[in-house]
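One structure below.
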Amino acid sequence: MLADPEPPPPPPPAEEVTEDAETGDETETVEQSVTPEEVPVPPAQVEDTAEEPSRSGYADSTGNLETLDDSDGLRVTVRGGALRAKRGYTPLEVTLQNTESVPRSVRLSFQGYGAGSPATVRAVELGPLQRMITYLLVPEPVQSGILTVEGPDIRPRTNGIYMDEANAIATLVLGTSKAFEASTGIGRAEERATPQVNARFMSAQDAPRELAAYAGYPAVMVIEDVASVPAELWSVLENYAAVGGSLLIARPPRDVTQRLPLLAREPKREVWNPYGFGFVYLCQAGTHDCGAALLASSEERKLQLEPIGPAPSWEPDRYSLRGGEQPLLPNALVPVGRFLVLIFLFSLVVGPGGLMLARRKGPVALLIGVPAVALLTCLLIVADSVLGDGFITHASRYSYTWLDRPRDRLVTASLASYYANLAPDEVQFPSTGVLMAPEELNDWRVDVSWTGGGMVADGLIPSRTYVEWAELAVLPTRARLVVHAEGEGWKVQNALGAPLQGGFMRVGRKEYTLPELADGAEGMAMEAHPEPGEEVVLKVVNPPSSVSRRVKGDAANFVLPLQEGEFVARLGGAGFSPLATLPVQLHEGIHYIRGQVDQP
């Protein structure tokens, strides 16, 4: 019932180099995961060990530009060898220039090596004499493949592309390499030296505008003046930090708390400030603390919901997931008990029953009876599958959500498991949402289209195959929890759009227990009397063991003590992520939400 992934194709044997955007120097590249801690940043240093080589400097992993043939009036330039995302999607930069005075429709597609590989596509419209920089967001499991450029009256072009696999701190930098060196104090790594950082440099004016282009990188650094960053790009960067990224700002503006509304009113310097599920670091002008912060960042304090993929084909237990984990849906498990009963009955009918039939009716009846019994058994197995699973999609959904009530939006990280007899139609994601595949997924099977800004995915839930997906999203909402005084207590109205299964709120410097309420219902909150030192948040945010094994990090931001006017609650239902609207039969829904109450 679980899909068996094929071994991935071997990476290209050639060793690639990258070219600095300013100096043209070539350097080798490597990558490593990174995340922040809310602690003072120690001096930038790396200890020498027997296993770990000495690291120093940064490697420019921006990649190399290659111009394809432009004999038909369309000039195509592709950047290959750029830094690959650790998760999610890698932005593949393509520059299109129409050298004629007629408009053109251009279709870009990227396909991994191998027959039948899924495609990643984007269609764009070029005006007369227009030059455009666009990005194909290639799923991270696809490390290399063929880029195809085609369209009406355009000669098709193909070019082999690979993504740079690094093993140092992978960072997207909005700015130049010289500004990066000046802001961080990290110089370029010497030839053949092992770098501390792999940096991919982009201009803020040309950078991609989808959240998916950034969510897969552990750190993003803004070196350019924040005031010069386009508003739509800054919104994407703010969303990146909110859903769990590490955002470093080399030149924080005076209105930084307005540009980053989830920051504390007086954000701290020289520490990583909590920001939603992620962190923000505000660098000091004229110092190199930004470099120390980048090198000292850590993944341990960031909440991440990690789906688990299928086990490799060489593992002995083919009915479990990677690492021996069990599926979150009972539908994904083979109904061994019912199958054994059917096989036992089949053996009785064909064995002793066949012998009796041969004695009474002769061998001709046996030749007819045995195939008929086999056909009936097969029909019973098919009927059991249809009646048990039906033709709908089964799902279990779990999530953590910040309710940013002043801006009427939800910041959510969710995990869902799916199983369907028939594959559902394609699904659509907004540009503020990201679909995350399991780690170490080698067999990517989803066709992806980025035409129009968002993502359209086809093949997300294959038929009769158990899959898990994670989602990160920032979505508009009208959800709220309304409280108003009634006598000496507080009445609560559930307007969160889902059943309220319990929780706590802090109002009037006291903590109250939220009642269980259906969506739209009202009830009285009871004053809570926690023990000294007891955190009521931890009594609510307590996922089942099967789910907690899929939660990485310690959710430090989410389980901080409640402040005045805050609440934390557990909800049922489908949750708030983009795939929550997918028609499914819900097996289990557990969702944790935290935010500000509404007090009319």
Side-chain angles (χ1 to χ4, degrees), residues 38 242-244 262 264 274-278 301-305 397-415 473-475 477-484 489-519 521-544 547-548 551 553-577 589-599:
E38 190 192 1
V243 299
L262 299 184
Y275 196 85
F277 294 116
R301 290 180 59 83
K302 292 169 63 177
L303 172 69
Q304 299 181 55
L305 302 184
R397 301 186 58 82
Y398 313 90
S399 69
Y400 291 74
T401 300
W402 289 93
L403 173 59
D404 185 8
R405 185 69 183 103
R407 281 153 289 277
D408 289 325
R409 63 176 184 168
L410 293 165
V411 181
T412 184
S414 68
L415 169 73
V474 180
L475 304 172
T477 185
R478 298 184 64 183
R480 60 195 183 278
L481 188 70
V482 183
V483 300
H484 56 270
W490 295 90
K491 178 171 281 190
V492 179
Q493 180 186 15
N494 177 19
L496 295 170
L500 177 62
Q501 298 178 348
F504 293 91
M505 68 177 183
R506 183 175 179 82
V507 182
R509 299 184 180 180
K510 295 182 180 180
E511 287 164 339
Y512 295 85
T513 302
L514 298 176
E516 294 188 16
L517 295 173
D519 185 27
E522 294 184 346
M524 293 297 297
M526 303 296 293
E527 184 177 350
H529 300 282
E531 298 292 333
E534 182 182 15
E535 296 296 344
V536 296
V537 176
L538 297 177
K539 297 176 66 175
V540 178
V541 184
N542 186 23
V547 178
S548 62
V551 177
D554 60 6
N557 298 355
F558 201 81
V559 296
L560 290 173
L562 292 177
Q563 302 298 315
E564 180 65 23
E566 279 192 332
F567 78 94
V568 62
R570 170 174 163 164
L571 306 177
F576 302 103
S577 65
I590 300 176
H591 311 281
Y592 305 107
I593 185 170
R594 178 169 178 158
Q596 291 281 333
V597 299
D598 276 21
Q599 299 184 54

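Throughout, numbering of the chain's residues begins at 1 and tracks the sequence.
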message = Regarding S414 and S399, do their side chains bring together a donor and an acceptor under 3.5 Å, going by distance alone?
response = no
ring-ring contact (aromatic ring centres under 6.0 Å, His included) with W402: of F558, Y275, Y592, only one passes, and it is F558
Hey, is CZ on R407 packed in by over 12 heavy atoms from elsewhere, all under 6.0 Å? yes
Examine distances only and state if a side-chain atom of N494 and a backbone atom of A518 form a donor-acceptor pair shorter than 3.5 Å.
yes
Main-chain N/O of V540 paired to R570 side chain as donor or acceptor, under 3.5 Å: no
With distance as the sole test, does H591 use its side chain to make a donor-acceptor pair with the main-chain N or O of F576 at under 3.5 Å?
no
One should read off an interatomic distance between I590 CD1 and L415 CG, to the nearest 0.5 angstrom, of 11.0 Å
To the nearest 0.5 Å, atom CG of L403 lies from atom CG of L481 at 8.5 Å
To the nearest 0.5 Å, atom OG1 of T477 lies from atom CZ of R409 at 12.0 Å
Is any side-chain heavy atom of D598 less than 4.5 Å from a side-chain heavy atom of R405? yes
- Query: L562 versus R594: any side-chain heavy-atom pair under 4.5 Å?
  - Reply: yes
Rounded to the nearest 0.5 Å, the CD atom of Q596 sits from the CD atom of E564 at a distance of 9.0 Å
